[in-house]
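What follows is one structure encoded as structure tokens, with my remarks underneath.
Numbering of residues begins at 1 and proceeds along the displayed sequence.
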Amino acid sequence: LGLRTLTIIHWALKIVNAQRAKLGEDPLDIMSIPLQDRPTFEMLKRAETTAVFQLESRGMKDLIKRLLPDCFEDIIALVALFRPGPLQSGMVDDFINRKHGRAEVAYPHPDYQHESLKGILEPTYGVIVYQEQVMQIAQVLAGYTLGGADMLRRAMGKKKPEEMEKQRGTFREGAISVGVDPDLAMKIFDLVEKFAGYGFNKSHSAAYAVVSYQTLWLKCHYPAPFMAAVLTSDMQNTDKVVGFVEECREMQLDLVLPNVNQSEFGFIVNDDGAIVYGLGAVKGAG
């Protein structure tokens, strides 16, 4: 994917590292920032996520306020859960209620649990959110190979009845062979099948979550350089610039009006820490 966000991070870091060099500090390496930074998560819980990759839509902000994510695993889940399937199926409500102790955390269901699934489902409070979890459950509960588990994942996603019937038999026999009660295994199979259609690829979600977290961390710790980079990336779109300027005011950042002696083509941060309006965002300036 070509992501504009990666450019925004790059531009923000250029401004940050120029500032750090002046102070005699080492350049910031975005890949080594701590993934459990408290101020960043406090900001996330307040849903102050305008201009943050994947987390800025109104619907997503509503979900953040309900979920109150407090660890990196929760951001991965946010990206995976904010889709029509999980939102309409009640899966998101289940996830939120379990996280906040309003519903029992079970692996995967209070009536049908197996202790071997705890390690797989613990990060998502017992809710089957990811396709990888579907594959791991088949591996642990019914002795599937990873290749076989991937075939099961695809069959469940496509919902082909004849293929599912075949998999059902394989799952039952596999469960017996690894010493799992076949009736319990089939109850869990039905639950897995129900959620597999909504399952999202965790590796994809985690990669997105890293970029979301990096932009969120920059917005929290280096707000002016981050917003300058965001403004530069959208400076041809006046409506977006207006929205981001409004966000800068809400963040109580100083903004210097276009000034031929200070401004550059893009938005920059001056020595006083104020954002200087980019001349490239002025309509008709060649």
Exercise. Is there a donor-acceptor pair under 3.5 Å between the side chain of Asn237 and the backbone N or O of Lys240?
Worked result: yes
Exercise. Applying the 4.5 Å side-chain criterion to the ILVMFWY set and letting contacts propagate, would Leu44 and Leu218 be lumped into a single cluster?
Worked result: yes
Problem set entry | Heavy-atom closest contact (Ala12 atom, Ala229 atom, distance) | N-CB, 3.6 Å
Problem set entry | Ile33-Val211 co-clustered via ILVMFWY side chain contacts under 4.5 Å | yes
Exercise. What do the steps show when you test His221 against Asp37 for side chain to side chain donor-acceptor pair (under 3.5 Å), and what is the final call?
Worked result: CA-CA 10 Å; His221 292 280; Asp37 179 66; 2.6 Å; yes
For this session: Decide whether Met251 and Val230 are clustered together by the hydrophobic rule: side chain heavy atoms of Ile, Leu, Val, Met, Phe, Trp, Tyr closer than 4.5 Å, transitively.
Result: yes
Exercise. Roughly how far, to the nearest 0.5 Å, is the CD1 atom of Ile9 from the CZ atom of Phe226?
Worked result: 8.0 Å
Exercise. Salt bridge check: are Lys99 and Asp74 linked by an N-O gap of less than 4.0 Å?
Worked result: yes
For this session: State which residues pass side-chain hydrogen bond (donor to acceptor under 3.5 Å, both in side chains) with Gln139; sequence neighbours excluded, sorted by chain then number.
Result: none
Exercise. Quick check: are there more than 12 heavy atoms from other residues, nucleotides or ligands sitting under 6.0 Å from NZ of Lys61?
Worked result: yes
Exercise. Ignoring hydrogens and geometry, is there a side-chain-to-backbone donor-acceptor pair from Asp272 to Ala274 under 3.5 Å?
Worked result: no
For this session: Check the hydrophobic clustering (I, L, V, M, F, W, Y; side-chain heavy atoms under 4.5 Å; chains of links allowed) and say if Phe200 and Val134 are grouped together.
Result: no
Exercise. Has the side chain of Gln131 got a donor or acceptor atom that lies under 3.5 Å from a matching backbone atom of Arg153?
Worked result: no
For this session: Return the orientation label for the Phe95 and Tyr125 ring planes: parallel under 30°, perpendicular over 60°, tilted otherwise.
Result: perpendicular
For residues 77-89, which side-chain N or O atoms pair as donor and acceptor with protein atoms under 3.5 Å away, sequence neighbours left out?
{"unit_1": "Arg83", "atom_1": "NE", "unit_2": "Ala80", "atom_2": "O", "d": "2.7"}
{"unit_1": "Arg83", "atom_1": "NH2", "unit_2": "Ala80", "atom_2": "O", "d": "3.1"}
{"unit_1": "Arg83", "atom_1": "NH2", "unit_2": "Tyr198", "atom_2": "O", "d": "2.5"}
{"unit_1": "Ser89", "atom_1": "OG", "unit_2": "Gly85", "atom_2": "O", "d": "3.2"}
{"unit_1": "Ser89", "atom_1": "OG", "unit_2": "Pro86", "atom_2": "O", "d": "3.2"}
{"unit_1": "Ser89", "atom_1": "OG", "unit_2": "Met91", "atom_2": "N", "d": "3.3"}

Problem set entry | Neighbour count >12 (heavy atoms, 6.0 Å) for atom NZ, Lys45 | yes
Problem set entry | Asp183: partners by salt bridge (Lys or Arg N to Asp or Glu O under 4.0 Å), with sequence neighbours left out | Arg172
For this session: Dump the intermediate steps for side-chain contact (heavy atoms from CB on, under 4.5 Å) on Asn201 and Glu132, then the final yes or no.
Result: CA-CA 7 Å; Asn201 185 265; Glu132 285 89 338; 3.8 Å; yes
Problem set entry | Co-membership, hydrophobic cluster, residues Met235 and Ile275, 4.5 Å side-chain | yes
Problem set entry | More than 12 heavy atoms of other groups within 6.0 Å of Asp29 CG | yes
Problem set entry | Working for side-chain contact (heavy atoms from CB on, under 4.5 Å), residues Val210 and Gln214 | CA-CA 6 Å; Val210 170; Gln214 287 174 350; 3.6 Å; yes
For this session: Can you label the angle between the His204 ring and the Tyr208 ring as parallel, tilted or perpendicular, going by 30° and 60°?
Result: tilted
Problem set entry | Atom pair CE (Met227) and CD1 (Ile15), whose distance is rounded to the nearest 0.5 Å | 11.5 Å
Exercise. Hey, does the side chain of Glu48 reach the backbone of Met43 with a donor-acceptor pair shorter than 3.5 angstrom?
Worked result: no
Problem set entry | Non-hydrogen side-chain atoms of Leu68 and Ile64 separated by less than 4.5 Å | no
Exercise. Counting N and O atoms only, with roles assigned by atom type, does the side chain of Asp150 sit under 3.5 Å from a partner on the main chain of Leu146, one being a donor and the other an acceptor?
Worked result: no
Problem set entry | Donor-acceptor contact below 3.5 Å, side chain Gln133 vs main chain Tyr130 | yes
Exercise. Just wondering, do Glu193 and Met164 contact through their side chains at under 4.5 Å, heavy atoms?
Worked result: yes
Exercise. Any salt bridge between Glu115 and Lys118, counting N to O under 4.0 Å?
Worked result: no
Problem set entry | Parallel, tilted or perpendicular: ring planes of Phe72 versus Tyr213, cut at 30 and 60 degrees | perpendicular
Exercise. Is it true that atom CD of Gln252 has more than 12 heavy atoms of other residues, nucleotides or ligands lying nearer than 6.0 Å?
Worked result: no
Problem set entry | Arg58, CZ atom: more than 12 neighbouring heavy atoms under 6.0 Å | no
Problem set entry | Salt bridge flag under 4.0 Å for residues Asp93 and Arg102 | no
For this session: Applying side chain to side chain donor-acceptor pair (under 3.5 Å), run through Gln167 and Tyr144 and close with a yes or a no.
Result: CA-CA 11 Å; Gln167 289 287 356; Tyr144 273 62; 2.9 Å; yes
